[in-house]
Amino acid sequence: MKYDFDKLIDRRNTGSTKWAVKRVFGHDDVLPLWVADMDFEVAEPIVEAIRKRAEHPVFGYTEPGDSLLEAIIDRMERKYAWKIKPEWILFTPGVVAAVNAAVKAFAEPGHYVVIQSPVYPPFWTAVTNNSCIVASNPLKFSGNRYEMDFRDLASQVENKNARLMILCSPHNPVGRVWTKEELETLGEIIIGKGGIVVSDEIHGEIIFKGHKHIPFASISDDFAKRSVVCIAASKTFNVPGLQTSVVIIPDEELRGRFNRARAGIMGSPGIFGFAALEAAFRYGDEWLEQVLDYIEANVDFTLEYLREKIPEIKAVKPEGTYLLWLDCRSLGMDCRGLSEFFRERARVGLNDGYTFGPEGEGFMRLNVGCPRSILEEALRRIERAVKEKVGRS
Ligand SMILES: Cc1ncc(COP(=O)(O)O)c(C=O)c1O
């Protein structure tokens with residue numbers, strides 16, 4: 001089946017967070033390209049699975065069945081040649097919830113937890129929510145991509161006794177798909193010191209040509225014993241509103257600690273989330289192939305547009321994710337000014353870079369998961385506002 005991602009779908013008044021523009025940005029006419037969901041119709045097999053489940057008239061408490069476990073196991077094997085066991089699989093109502101539970105499980109109050117700034121804002125709060133302290137290991141920009149600073153990482157581990165790291169793989173917002181060598185080096189530093197890596201791989205299937213995602217725990221048995229891998233169908237298949245994610249913990253002792261940390265405060269995902277996840281993993285690939293082509297074309301289109309018409313804003317091509325990390329520093333505005341500029345002058349709703357950490361100051365995050373016409377209109381608005389600001393015609 002051929003999907004039409006150019007189709008405009010009116011999401012206003014559907015409870016969509018992304019499109020709650022009046023509440024979030026203060027105006028009805030702001031075009032939203034912020035929170036990470038896409039304005040595309042979901043794959044037909046997912047809709048069909050939900051419809052079919054809805055036809056059964058009882059919506060009682062629900063467990064993940066064997067066939068869902070099989071679908072997850074098959075997918076990990078098929079995509080990554082990673083053999084996982086059914087007992088390793090846990091379910092949580094979202095990856096953010098899982099990351100918070102993991103910090104509670106694996107770090108004590110007052111401990112340092114490593115994250116790599118600029119990074120998805122809930123990583124910061126997952127640390128502080130649990131009375132831990134952020135050990136920031138900022139990424140370094142090498143001129144054409146962001147890289148990890150291993151020397152600094154080793155010193156965080158050494159000097160701050162940090163024994164837990166939350167890894168964003170692929171990385172939101174900088175769009176890196178970490179290589180095997182990078183992951184190995186990172187693992188040697190953290191796991192070599194007896195630490196644990198919580199790897200948030202929610203963007204792991206939104207990968208562009210020429211790059212390959214590697215689940216952290218799949219690298220070696222030693223890594224598997226000391227890691228927690230969080231995945232979901234939510235970003236890949238555009239179903240984040242179903243609040244369903246999968247946490248894979250190969251080690252029994254770590255699994256027990258995770259389960260005790262979440263006990264009584266975090267339930268299971270719901271009926272429709274399970275149905276959607278299984279359908280996505282079993283039958284979603286036709287849609288996924290098409291959407292990846294569309295997203296990559298949107299990325300290329302945006303980069304070309306910036307180069308030609310808005311050279312004041314710079315970005316490098318991400319290796320994965322549908323997020324572009326826009327370097328707006330040459331506009332010379334402080335955080336508040338930049339935020340206001342996009343919202344009030346350009347009338348587009350982006351994520352403020354500073355919310356990703358101090359290294360995000362002067363940046364904005366743009367979500368290209370939308371029909372080309374919306375993206376084009378947003379870029380036109382930004383172009384107009386920038387020209388006005390810098391006095392260029
Ligand atoms: C890296 C990362 N983790 C987690 C999430 C959200 O996960 P969930 O909705 O499953 O809590 C996002 C959403 O943007 C994300 O980018």
Side-chain angles (χ1 to χ4, degrees), residues 15-18 24 32-40 42 72 89-104 113-127 129 139 146 165-178 197-207 213 215-216 228-248 258 262 265-270 272-274 276-277 280-281 295 318-325 349-353 355-357 360 363-370:
S16 158
T17 302
K18 188 179 185 184
V24 180
L33 296 95
W34 64 298
V35 69
D37 70 32
M38 303 189 273
D39 297 321
F40 303 139
V42 167
I72 296 166
I89 301 173
L90 307 174
F91 293 89
T92 58
V95 167
V96 171
V99 169
N100 275 269
V103 176
K104 183 165 178 245
V113 178
V114 181
I115 59 174
Q116 295 178 309
S117 178
V119 75
Y120 182 53
F123 279 23
W124 294 86
T125 45
V127 177
N129 286 343
L139 299 174
Y146 279 87
M165 170 163 186
I166 313 172
L167 170 68
C168 199
S169 176
H171 193 279
N172 167 12
V174 307
R176 275 301 313 283
V177 176
W178 305 115
V197 174
V198 175
S199 186
D200 176 342
E201 304 186 5
I202 198 167
H203 296 279
E205 293 206 50
I206 309 166
I207 305 291
H213 171 70
F216 185 78
V228 170
V229 172
C230 306
I231 62 166
S234 55
K235 299 286 142 182
T236 320
F237 295 98
N238 202 31
V239 289
L242 295 171
Q243 290 291 330
T244 301
S245 56
V246 178
V247 183
I248 303 172
F258 182 88
R262 71 180 287 185
I265 48 174
M266 189 196 302
S268 160
F272 297 109
F274 286 140
L277 174 59
F281 275 13
I295 293 168
E319 298 166 348
T321 80
Y322 45 77
L323 308 166
L324 276 180
W325 189 231
L350 272 53
N351 287 85
D352 296 324
T355 61
F356 294 75
F363 289 77
M364 298 294 285
R365 194 192 72 175
L366 172 82
N367 171 356
V368 300
C370 60

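Counting starts at 1 for both ligands and their atoms, in listed order. Predicted, not measured: the structure shown is a model, and the values here were computed from it. Starting from 1, each residue takes its place in the sequence as its number.
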Problem - ligand 1 N/O within reach of D200 N/O, cut-off under 3.5 Å - result: yes

Handout entry: Residue pair L33 / V368, side-chain heavy-atom distance below 4.5 Å
Key = no

Exercise for the section: Using atom types as modelled and distance alone, determine if a side-chain donor or acceptor of Y322 lies under 3.5 Å from a backbone N or O of C370. Expected result: no

Practice task
Report yes or no: does S245 contribute a side-chain atom to a donor-acceptor pair with the main-chain N or O of A232 at less than 3.5 Å?
Solution key: no

Fill in the blank from the handout: protein heavy-atom neighbour closest to atom 6 (C) of ligand 1 works out as Y120 OH, 3.2 Å

Handout entry: Subset of ligand 1 atoms that lie under 4.0 Å from at least one heavy atom of C168
Key = 1 (C)

Practice task
Could you check atom 10 (O) of ligand 1 against the protein and tell me its nearest heavy-atom contact, residue, atom and distance included?
Solution key: V95 N, 2.7 Å

Exercise for the section: Starting from atom 11 (O) of ligand 1, find the nearest protein heavy-atom neighbour and note its residue, name and distance. Expected result: V96 N, 3.0 Å

Problem - Aromatic centroids of F363 and F356 separated by under 6.0 Å - result: no

Practice task
Could you tell me whether some N/O pair between H203 and ligand 1 is separated by less than 3.5 angstrom?
Solution key: yes

Exercise for the section: Give a yes or no on whether the backbone of V177 and the side-chain of H203 come within a donor-acceptor separation of less than 3.5 Å. Expected result: no

Practice task
Please write down residue, atom name and distance for the protein heavy atom closest to atom 9 (O) of ligand 1.
Solution key: Q243 NE2, 4.4 Å

Problem - Any A232 heavy atom less than 4.0 Å to ligand 1 - result: no

Fill in the blank from the handout: ligand 1 atoms nearer than 4.0 angstrom to some heavy atom of A36 are 14 (O)

Handout entry: For atom 13 (C) of ligand 1, the protein heavy atom that lies nearest, with its residue and separation
Key = K235 NZ, 2.7 Å

Practice task
Indicate yes or no for a side-chain donor-acceptor contact from S16 to the backbone of K18 under 3.5 Å, with no hydrogens or angles considered.
Solution key: yes

Practice task
Mark yes or no for whether R365, through its side chain, and N351, through its backbone, hold a donor-acceptor pair below 3.5 Å.
Solution key: no

Exercise for the section: In sequence, state the C-alpha distance, the side-chain angles, and the governing distance for F123 and C168, and then conclude on side chain to side chain contact (heavy atoms under 4.5 Å, CB included). Expected result: CA-CA 9 Å; F123 279 23; C168 199; 3.6 Å; yes

Problem - ligand 1 to S245 polar contact by distance, N or O atoms, under 3.5 Å - result: no

Practice task
Around atom 7 (O) of ligand 1, find the nearest protein heavy atom and jot down its residue, atom name and distance.
Solution key: I202 CD1, 3.3 Å

